[in-house]
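All residue numbers refer to positions in the sequence shown, counting from 1. Just the heavy atoms: all of them, side chains too, but no hydrogens, waters or symmetry mates, feed the values below. This one's a predicted model, so the numbers in the text were calculated from it and none came from an experiment.
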Amino acid sequence: MKKTHALPLYRAVAVIALASAVLTGCGKQSANETKADTTSAKKILRFGQGNAGTGYDMQRSTSSLAASVADEVTESLLRFDDDNIEQPWLITDFPSVSDDGLTYSFELKKGVHFTNGAELTSDDVKYTFERMFTPKTGAKSTAYFTMIKGAKDMLAGKATSLEGFTISDNYHFTITLDYPYAPFVKNIGTSYADIFPREACEAAGDTWGTGTNLIGTGPYKIVENDDTTRIVLVKNTDYHGGPVNLDELDIIFFSSDQTKLIAYENGDIDLCDLSAALLSQYQATYPDQITAYHPLGTAFISLNLKSEYIKDAKIRQAISLAINRKELVDAVLNGAGIPASSYLNNNIPGHDASLSVYEYNPEKAKQLLAEAGYPNGITVTSQVRQSSAAVYEALQGYLQDAGIHLDLTSVDNATWNSNRTAGKIPATDMIWNALYPDGDFQMYNYFYSSNSNARGVFYKNAEFDSLLDKARASTNEDERAELYKKADSLLSLEDYACIPLYYPQNQFIAKPWVKNYKVGNLIYHFWNVDIDTSKK
């Protein structure tokens, strides 16, 4: 990948009055050039991010970097807006649900076209879901949809069509589930359920999602993509969602945060994310250009409950008591986080807002160690990713003060993932993010007993499982939130099956001419952003 300073400024954002020459180089005017005609300037936003390297077929990628591109081109039946509120998008309204909670009835909007001119029909939706469950596709997020009747048979190669998908006509279809599952409507509002046009997707074959081989109903279409350094999208002038603000969206890829931020300082990009490690540096220089947001995740110490010492709940509680979460966030993260009070993120229904931040009491931690039979302290082995090293070095100091020696090693991502899932790490770093505000997404996939083994956690609590089962089946959101509150209390306040640290804060930095930009969760979308050409 090219370094930032080696990238030519391939698009100039300003358009000069009729007699002016086209801008080149760094995009600045010479002394004798006239001021840009901002009323007719082409609106181009240049966004910098890392290259996911996975393509943009969101059935075969789980990367938020890939989704930030794909979601501008392909769309799901419903979507979550920049405030994390779900809304019908390719359908006229939320689907109606049968009394037994199994059958969902949908009506597509009429006159919605893919950017190749083909109209969206029920057949495209059916094709998309059947492609998801076809083993050859290699879809990575089928677990969010395998409750659809017949999905498991397709994945096992026992069927080539989806039994639970029935088409009534071009605009009406039903999806039937094997069992009631309340978060289903939310799952089909994610990037993993983006709808593809049958004809174009079949024609592209294995190249779908690479180059310019991605076609959807979204506000933009891909016109250039070298799959390495940049991708260029232009507005869909026939967009069903209304006028699109930007004429062009240029996404430029960088190999590191440092080169990306240098590009921002040089004026080569208009917008990018800003890591916590660099936050204080850029707060000093660009305080008015930084915006913070809070994704739907929780940073916690993931524990192997079968490992020595960790299998004792008193030891786990002692670890929690030894940590000064407020100081950790302020001193190590430069304030980019909210000290945790339980596991569930504070913006997810079921989070108990009445709770205080976890107690910091190293003396009480020592007392619990003694009660557990270890008055002289213990040693806990930990492997973490390099990105978390600074946080865990601080934790090492806190724990040492309470008589807990953290034998800490930084490893590469592949080693970390392999050792963690194999249950070889007693304590490690984790941020578990939900795609949308629902307790099921944040708890079921990581801590439900049948799933926790694969996470290297080995948590088994029948009451906890029962609470999640009931919440999955209920269609009453208030009831579901209460069930998640009880489950969270068991998980993180009674069993201490994990050690929540903080709810992360992320931030982005944007030039003054970038208008209306907002990030709802982890994925950078460009649905509402605009350019104030008068400020360029």
Intermediate values then yes/no, side-chain hydrogen bond (donor to acceptor under 3.5 Å, both in side chains), Glu463 and Asn461: CA-CA 6 Å; Glu463 184 181 357; Asn461 183 316; 5.5 Å; no

Steps toward side-chain hydrogen bond (donor to acceptor under 3.5 Å, both in side chains) verdict (Trp416, Asp429): CA-CA 9 Å; Trp416 170 83; Asp429 63 304; 3.2 Å; yes

Take Arg420 and Gln383, measure what side-chain contact (heavy atoms from CB on, under 4.5 Å) needs, and give me the verdict at the end. CA-CA 9 Å; Arg420 177 182 65 88; Gln383 290 182 1; over 6 Å; no

Decide yes or no on side-chain hydrogen bond (donor to acceptor under 3.5 Å, both in side chains) for Glu371 and Gln367, but give the supporting numbers first. CA-CA 6 Å; Glu371 291 176 6; Gln367 179 183 337; 3.1 Å; yes

Apply side-chain contact (heavy atoms from CB on, under 4.5 Å) to residues Val357 and Lys326 and explain how you reach the verdict. CA-CA 8 Å; Val357 174; Lys326 185 177 187 310; 5.7 Å; no

Hey, mind stepping through Phe300 and Ile431 against side-chain contact (heavy atoms from CB on, under 4.5 Å) and telling me if it holds? CA-CA 6 Å; Phe300 60 98; Ile431 298 179; over 6 Å; no

Check step by step if side-chain contact (heavy atoms from CB on, under 4.5 Å) holds for Glu327 and Tyr398. CA-CA 10 Å; Glu327 185 177 80; Tyr398 289 132; 2.6 Å; yes

For the pair Tyr220 and Phe526, evaluate ring-ring contact (aromatic ring centres under 6.0 Å, His included) and give the outcome as yes or no after the intermediate values. CA-CA 10 Å; Tyr220 297 94; Phe526 305 92; 7.7 Å; no

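Contact of the Phe94 side chain with the Val185 side chain is registered, since non-hydrogen atoms from C-beta on lie closer than 4.5 Å. Ile531 is listed as a side-chain neighbour of Leu246, based on a closest heavy-atom distance under 4.5 Å. No side-chain heavy atom of Lys260 sits less than 4.5 Å from a side-chain heavy atom of Ile252. Counting heavy atoms from C-beta on, the side chains of Thr146 and Lys152 come closer than 4.5 Å. Annotation: side chain of Tyr484 is not in contact with side chain of His351 (no heavy-atom distance under 4.5 Å). No side-chain heavy atom of Leu65 sits less than 4.5 Å from a side-chain heavy atom of Asn51. Proximity of Gln505 to Ile338: side-chain heavy atoms (C-beta onward) are nowhere separated by under 4.5 Å. Contact check for Phe47 versus Asp250: no side-chain heavy atoms found under the 4.5 Å cut-off.
Asp57 and Gln59 form no side-chain donor-acceptor contact under 3.5 Å, judged by distance and modelled atom types alone. A donor and an acceptor atom, one from each side chain of Ser302 and Tyr446, are located under 3.5 Å apart. Gln396 and Gln400 are not linked by any side-chain donor-acceptor pair at a separation below 3.5 angstrom, with hydrogens and angles left out of the test. Donor-acceptor pairing under 3.5 Å is recorded for the side chains of Ser474 and Glu479. Judged purely by distance below 3.5 Å, without hydrogens or angles, the side chains of Ser449 and Asp465 pair a donor atom with an acceptor atom. Using a 3.5 Å distance cut-off with no hydrogens or angles, the side chains of Trp527 and Asp81 do not pair a donor with an acceptor. There is a side-chain donor-acceptor pair under 3.5 Å between Ser68 and Gln49. A side-chain N or O of Tyr282 and one of Glu265 form a donor-acceptor pair less than 3.5 Å apart. Between the side chains of Asp227 and Asn225, at least one donor N or O sits under 3.5 Å from an acceptor N or O. Defined by atom type and a distance below 3.5 Å, a donor-acceptor pair is missing between the side-chain atoms of Ser418 and Thr415. With 3.5 Å as the limit, one finds no donor-acceptor pair spanning the side chains of Asp273 and Asn506. Looking at Trp89 and Ser76, their side chains never bring a donor and an acceptor atom within 3.5 Å of each other. Residues Gln281 and Gln283 bring no donor and acceptor atom of their side chains to less than 3.5 Å of each other. Residues Asn345 and Thr298 bring no donor and acceptor atom of their side chains to less than 3.5 Å of each other.
With sequence neighbours left out, the side-chain contact (heavy atoms from CB on, under 4.5 Å) criterion links Asp407 to Thr379, Thr381, His405. Residues satisfying the side-chain contact (heavy atoms from CB on, under 4.5 Å) criterion with Asn304, sequence neighbours excluded, are Lys306, Ser307, Phe458. Every side-chain hydrogen bond (donor to acceptor under 3.5 Å, both in side chains) that Ser61 has, sequence neighbours left out, goes to Thr54. Scored by the side-chain contact (heavy atoms from CB on, under 4.5 Å) test, Ile404 finds Ala318, Ile319, Leu369, Ile378, Val380, Leu399 as partners (sequence neighbours excluded). The side-chain hydrogen bond (donor to acceptor under 3.5 Å, both in side chains) search around Lys364 returns none, not counting sequence neighbours. Partners of Lys186 according to the side-chain contact (heavy atoms from CB on, under 4.5 Å) rule, which considers only residues two or more places apart in sequence or in another chain, are Phe80, Glu86, Tyr436, Asp438, Glu477, Arg480.
Separation of the Tyr459 and Tyr448 ring centroids does not fall under the 6.0 Å cut-off. Taking the six-membered ring wherever Trp is involved, the centroid distance between the rings of Tyr144 and Phe184 does not fall below 6.0 Å. Between Tyr192 and Phe145, the ring center distance fails the sub-6.0 Å criterion.
Distance check, rounded to the nearest 0.5 Å: CD1 of Ile195 to OG1 of Thr128 gives 4.5 Å. The distance from atom CG of Leu491 to atom CE of Met443, rounded to the nearest 0.5 Å, is 7.0 Å. Separation of atoms OG (Ser63) and CE (Met58) is listed at 6.5 Å; rounding is to 0.5 Å. The NZ atom of Lys149 sits 12.5 Å away from atom OH of Tyr179, with the distance rounded to the nearest 0.5 Å. Atoms CD and OH, on Glu72 and Tyr56 in that order, are 11.5 Å from each other to the nearest 0.5 Å. Atoms CG and CG, from Leu233 and Leu249 in turn, are 5.0 Å apart once rounded to the nearest 0.5 Å.
Salt-bridge check for Arg316 with Asp312: failed, with every basic side-chain N at 4.0 Å or more from each acidic carboxylate O. With respect to the salt-bridge test (charged N to carboxylate O, under 4.0 angstrom), the residues Asp270 and Arg46 qualify. At a threshold of 4.0 Å, the pair Lys518-Asp83 counts as salt-bridged, since one of the basic side-chain nitrogens sits closer than that to a carboxylate oxygen.
At least one test fails for Arg325 against the ring of Tyr502: distance under 6.0 Å to the centre or angle within 45° of the axis.
Ring planes of Phe508 and Tyr293: tilted class, angle from 30 to 60°.
Within a 6.0 Å radius of NZ in Lys460, other residues, nucleotides and ligands contribute more than 12 heavy atoms.
Residues Asp82 and His525 come closest through the heavy atom pair OD1-CB, 4.4 Å.
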